[in-house]
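First up is the structure itself, then whatever we jot down about it.
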Amino acid sequence: MMLTQEILSALHLADKGTAWGTLGTIKPLKNFEPEADVERIREAVDSKGNVQTIIDTVTCLSNDQRQEVARLYKAELQKDLVEDIKRALSGDLEKVIVGLLKTPAAFDAQELKSAMKGLGTDEETLTEILSTRSNEQLREIQTCYRQEYKAELEKNITSDTSEPYTGLLLALAKGKRERDSGIIDYGLIEQDSKILSDLGPKNMASSAQWITILTARSHGHLRRVFDHFKKSTSVDIEERVKKNFKGDFENGLLTLVAIIKDTPLYFADRLYNAMKVKTLYYFLLILYMSHDVLGAHASSPPH
């Protein structure tokens, strides 16, 4: 926990966090000098004892700036920065710094691969990453996954999960969610709300229709659908999910609903719980939070 607090306290975060879209944003260092950063890291790596210099240098930069330092390190020293960091550090600190030196897409691809590696599947990680990334970010993740692991993300998801949960993940991975247009379509709100409340043959809900609506509609539209659903049925959307579905699909829908309702609150809850059990993944996650993850969803605060 002390290591985490040390890293978080060193972050060059936004000076003002009161405006929607800037919460949790890591700002680029204004007086960025990559040559000086390369030299500082080289000296710290060679000494294998100046851990604080590595922490201070890496955490005060934006991800783009870290990538520039890594490129310059390779060009000037003919060495791979990540490999040198691995030799100089160990344990959780090594994992954090190495993770920070990856691009967000490469880090997400790594986490998705790890979630499907070996026996058992980490459904929580799969759902979260695919539910919180923008359409463009999901395309970048697919490309990174293909290049790094010589495999298709969608094929791996299909082979590692079961329906209808597989269908939910594949729909999210396609990155086809509509953008918030600012136009309120009351007819579509009522239509979607009715579809979610209707039961089909054998008094069962249609998982396919739930997947289509929750993965294709904009977050702003869906929040209005959830409000309409509550008013027309006197039941929260979460309660209907629990009643209609079970297993991984139920859990996946509940996570997705929480993210749609309030993405910053979802991450706040996850971070709080992660720090209670010292989960490294979420310590890394908070370092990656930019306007593309938090701000993009926070631009339209829940009503």
Side-chain angles (χ1 to χ4, degrees), residues 63 99 102-180 192 195-196 205-223 225 241 245-261 263 266-267 270 281-282 284-285 288-297:
N63 190 269
K102 293 179 178 290
T103 65
F107 182 75
D108 282 342
Q110 170 191 289
E111 292 302 302
L112 289 168
K113 182 66 174 178
S114 296
M116 296 181 284
K117 186 178 180 179
L119 296 175
T121 303
D122 183 355
E123 291 84 4
E124 198 169 51
T125 295
L126 292 177
T127 304
E128 180 175 293
I129 291 176
L130 297 178
S131 297
T132 57
R133 304 314 189 243
S134 67
N135 293 345
E136 181 181 358
Q137 288 171 328
L138 288 167
R139 287 190 289 272
E140 291 174 358
I141 292 168
Q142 297 252 22
T143 300
C144 267
Y145 195 96
R146 187 179 304 114
Q147 293 173 344
E148 184 69 22
Y149 303 110
K150 311 304 179 193
E152 294 296 327
L153 175 60
E154 293 183 358
K155 287 185 179 180
N156 284 175
I157 289 173
T158 300
S159 64
D160 218 65
T161 60
S162 57
E163 293 290 357
Y165 180 57
T166 301
L168 175 65
L169 294 180
L170 292 178
L172 289 168
K174 292 182 185 301
K176 299 295 185 181
R177 188 176 297 283
E178 300 165 352
R179 295 182 180 275
D180 279 309
D192 287 346
I195 290 173
L196 295 180
S206 169
S207 59
Q209 290 181 321
W210 276 74
I211 290 171
T212 297
I213 291 173
L214 266 63
T215 64
R217 304 287 194 254
S218 72
H219 283 196
H221 171 81
L222 286 171
R223 285 193 289 268
V225 170
V241 169
F245 307 108
K246 300 300 178 185
D248 292 338
F249 187 57
E250 174 195 350
N251 294 332
L253 286 179
L254 290 174
T255 295
L256 183 54
V257 166
I259 289 166
I260 290 168
K261 282 190 169 184
T263 305
Y266 169 81
F267 277 124
R270 296 284 282 143
Y281 174 68
Y282 275 92
L284 272 174
L285 186 60
Y288 272 127
M289 286 185 184
S290 68
H291 69 279
D292 291 327
V293 176
L294 267 180
H297 298 298

Report summary line: Nearest heavy-atom contact between Arg177 and Asn135 is O-ND2, 2.8 Å
Query raised in the report: Say you draw a straight line from CD of Glu111 to CD1 of Ile141; how long is it, rounded to the nearest 0.5 Å?
Result: 11.0 Å
Report summary line: The side-chain contact (heavy atoms from CB on, under 4.5 Å) partners of Ser162 (sequence neighbours excluded) come to none
Report summary line: Contacts satisfying salt bridge (charged side-chain N to carboxylate O under 4.0 Å, His left out) that involve residues 206-218 (not counting sequence neighbours) are Glu178-Arg217, Asp192-Arg217
Cut-off 3.5 Å, no hydrogens considered: what does the side-chain donor-acceptor table look like for residues 246-253, sequence neighbours left out?
unit_1: Lys246; atom_1: NZ; unit_2: Lys242; atom_2: O; d: 3.1
unit_1: Asn251; atom_1: ND2; unit_2: Gly247; atom_2: O; d: 3.4

Requested in this report: With sequence neighbours left out, write down each residue that passes side chain to side chain donor-acceptor pair (under 3.5 Å) with Glu163, or none if nothing qualifies.
Outcome: none
Report task. Could you list the residues that satisfy side chain to side chain donor-acceptor pair (under 3.5 Å) with Ser207, not counting sequence neighbours? Result -> none
Report task. Can you measure from OG1 (Thr255) to CG (Leu130) and round to the nearest 0.5 angstrom? Result -> 11.5 Å
Report summary line: Applied to residues 149-180, the ring pair (Phe, Tyr, Trp, His ring centres under 6.0 Å) test, sequence neighbours excluded, yields Tyr145-Tyr149
Requested in this report: Flag the pair His219 / Ile259 as yes when at least one side-chain heavy-atom distance between them is below 4.5 Å, and no otherwise.
Outcome: yes
Query - Atom pair CG (Leu126) and CE (Met116), whose distance is rounded to the nearest 0.5 Å - result: 5.5 Å
Query - Which residues share a side chain to side chain donor-acceptor pair (under 3.5 Å) with Ser218, sequence neighbours left out - result: Asp180
Query raised in the report: Going by the salt bridge (charged side-chain N to carboxylate O under 4.0 Å, His left out) test, which pairs reach into residues 138-151, not counting sequence neighbours?
Result: Arg146-Glu152
Query raised in the report: How would you list, by chain and number, every residue that makes a side-chain contact (heavy atoms from CB on, under 4.5 Å) with Thr212, sequence neighbours excluded?
Result: none
Requested in this report: Enumerate the residue pairs fulfilling salt bridge (charged side-chain N to carboxylate O under 4.0 Å, His left out) with a member in residues 153-162, sequence neighbours excluded, ordered by first and then second residue.
Outcome: Glu154-Lys174
Query raised in the report: Which heavy atom in Ala173 sits nearest to a heavy atom in Leu138, and how many Å separate them?
Result: O-CB, 4.0 Å
Query raised in the report: Any ring pair (Phe, Tyr, Trp, His ring centres under 6.0 Å) pairs touching residues 108-131, not counting sequence neighbours?
Result: none
Report summary line: Here the gap from Leu169 atom CG to Asn156 atom CG, rounded to the nearest 0.5 Å, amounts to 12.5 Å
Query raised in the report: When rounded to the nearest 0.5 angstrom, what is the spacing between CG in Leu222 and CG in Leu256?
Result: 8.0 Å
Query - Closest non-hydrogen atom pair between Lys102 and Ala106, with its separation - result: CB-CB, 4.3 Å
Query - Any residue meeting side chain to side chain donor-acceptor pair (under 3.5 Å) with Thr215, in chain and number order, not counting sequence neighbours - result: none
Query raised in the report: Can you tell me how far the CD1 atom of Ile211 sits from the CG atom of Leu214, to the nearest 0.5 Å?
Result: 9.5 Å
Query raised in the report: Stepwise, does the side-chain contact (heavy atoms from CB on, under 4.5 Å) test hold for Gln137 with Thr132?
Result: CA-CA 10 Å; Gln137 288 171 328; Thr132 57; over 6 Å; no
Query - Which atom of Thr103 lies closest to which atom of Asn63, heavy atoms considered - result: CA-OD1, 3.6 Å
